[in-house]
2 protein chains.
Amino acid sequence: MTSVTVSVDVRDPTPPYEQIRRQVADRIGTGLLRPGDRLPPVRQLAADLGLATGTVARAYRELERGGWVHSRRGGGTRVATAPPVAASPGAALRDAARAYLERAAMLGADPAEAVEAVRRAALRR
Amino acid sequence: MTSVTVSVDVRDPTPPYEQIRRQVADRIGTGLLRPGDRLPPVRQLAADLGLATGTVARAYRELERGGWVHSRRGGGTRVATAPPVAASPGAALRDAARAYLERAAMLGADPAEAVEAVRRAALRR
DNA sequence: GGGGTTGTATTGATGCATTGACACAATGTG
DNA sequence: CACATTGTGTCAATGCATCAATACAACCCC
């Protein structure tokens, strides 16, 4: 039951509640967490991460405000039925590919070079 | 004189000094900023971003602590002669490709699919 | 050398994030 | 219906980030 797919880096100046918020939103946006999936109780996640329950509660509150999850007293917190972004691994892969191309362009590489770089990196595995 | 390639998002809970630190470190790591290149004076960058000079000074201090830049009173702040990471666009592109593959793997895509996704995304331009 | 530039340090004030403890409300379960 | 679970709210205390203003120190250039 190591479970939680969330971690907090205490050396990162980004507030812990925001680190949690981002990771959960990302996992929903990529479809790794799907509508209806249950998140850990605030107390449990807080204990796992070494945080106060209020901090995790803050993260869940922000996620709810963004439409990512839905919380109910006694009922726990679950991924919303209609998250704010298309949530499928396929769409996420397209997004990642597009972001990578943009990054490559910033580095002065044309699309062909970008593709080639991925091909080469894939071989190195 | 638009100049500075740095921006701060006030809605991001990440402290401004850290946002600046990351962007500058990234530009050095990608070779977009090269050893000896001059960074804006703290006062000017602070004015451009709407921050207090102390906040920018904090960012520069952290960058110096990390070996990214070197500051001298009256002499300004310049990119260090030997930044902590290999600083060339080529190396940065390889890093980006590797990171993209890792992300794709997290999304359940094998390397071949990952390459194909980039190829398709490149066509859409 | 002199004057402007630039990084650095300090101050007090303000707001936010977090902690730890506690209580309460709403839901689920036997 | 009881009881545990779970989210939520409150509280005071603590630390950090930021601001604005000021002063100082080291460097550059004419």
Side-chain angles (χ1 to χ4, degrees), chain A residues 1 3-4 6-24 28 33 36-81, chain B residues 1 3-4 6-24 28 33 36-81:
Chain A
M1 301 316 172
S3 62
V4 201
V6 177
S7 67
V8 165
D9 181 356
V10 290
R11 298 165 311 171
D12 188 339
T14 304
Y17 84 86
E18 173 68 6
Q19 294 188 41
I20 297 172
R21 204 212 102 252
R22 284 179 188 167
Q23 291 176 52
V24 172
I28 297 175
L33 278 176
D37 280 358
R38 179 123 185 230
L39 271 62
V42 287
R43 289 168 233 263
Q44 179 189 317
L45 185 52
D48 288 355
L49 299 177
L51 302 174
T53 72
T55 303
V56 175
R58 169 79 186 270
Y60 282 10
R61 198 202 326 160
E62 302 286 350
L63 284 164
E64 172 131 48
R65 220 170 52 88
W68 297 97
V69 305
H70 182 46
S71 295
R72 273 160 31 207
R73 289 176 152 149
T77 300
R78 297 176 178 278
V79 177
T81 55
Chain B
M1 299 304 184
S3 63
V4 201
V6 177
S7 67
V8 164
D9 181 357
V10 290
R11 298 166 311 171
D12 189 338
T14 304
Y17 84 85
E18 173 68 7
Q19 294 187 41
I20 297 171
R21 203 212 102 251
R22 284 179 188 166
Q23 291 175 53
V24 173
I28 297 175
L33 279 177
D37 280 357
R38 179 124 186 228
L39 272 61
V42 288
R43 290 169 234 262
Q44 180 191 318
L45 185 52
D48 288 355
L49 299 178
L51 300 175
T53 72
T55 303
V56 176
R58 169 78 187 272
Y60 283 9
R61 199 202 324 160
E62 302 286 349
L63 284 164
E64 172 131 48
R65 223 172 49 89
W68 297 97
V69 305
H70 182 46
S71 295
R72 272 160 30 206
R73 289 177 149 143
T77 300
R78 298 176 178 275
V79 176
T81 54

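By convention in this document, chain letters (A, B, ...) are assigned in the order of the sequence lines, proteins followed by strands, and residues within each chain are numbered from 1.
- Taking only side-chain nitrogens and oxygens, A:T53 never comes nearer than 4.0 Å to OP1 or OP2 of D:dG7.
- Not counting sequence neighbours, the partners of A:A52 by the side chain to side chain contact (heavy atoms under 4.5 Å, CB included) test are A:T55.
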| message | Strictly under 4.0 angstrom, non-hydrogen atoms only: write out the protein contact profile of nucleotides 10-18 of chain C, one letter per nucleotide from the 5' end, B, S or -. | response | -------SS
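- As a whole-Å value, the separation of B:L49 CG from D:dC19 P is 10 Å.
- For B:D12 and D:dT18, the CG to P distance is 12 Å, given to the nearest whole Å.
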| query | Can you give one letter per nucleotide of nucleotides 24-30 of chain D, 5' to 3': B if a protein heavy atom sits under 4.0 Å from the base, S if only from the sugar-phosphate, - if neither? | reply | -BBBS--
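- For B:R61, there are no salt bridge (Lys or Arg N to Asp or Glu O under 4.0 Å) partners, not counting sequence neighbours.
- Comparing the axis of the opening five pairs of the helix from C:dG1-D:dC30 to C:dT19-D:dA12 with that of the closing five pairs yields an angle of 30°, rounded to 10°.
- Every residue two or more places apart in sequence or in another chain that forms a side chain to side chain contact (heavy atoms under 4.5 Å, CB included) with A:D37 is listed here: A:L33, A:R34, A:V79.
- In terms of phosphate contacts, B:T77 brings a side-chain nitrogen or oxygen within less than 4.0 Å of OP1 or OP2 of C:dG7.
- Residue A:R78 is out of contact with every strand shown, counting any heavy-atom pair closer than 4.0 Å.
- Summarising the geometry, the separation between CD on B:Q19 and C1' on D:dT18 is reported as 13 Å, rounded to the nearest angstrom.
- Distances shown here put every side-chain N or O of A:R61 at or beyond 4.0 Å from the OP1 or OP2 atom of D:dG9.
- Between the P atom of D:dT18 and the CG atom of B:D9 lies a distance of 14 Å, rounded to the nearest Å.
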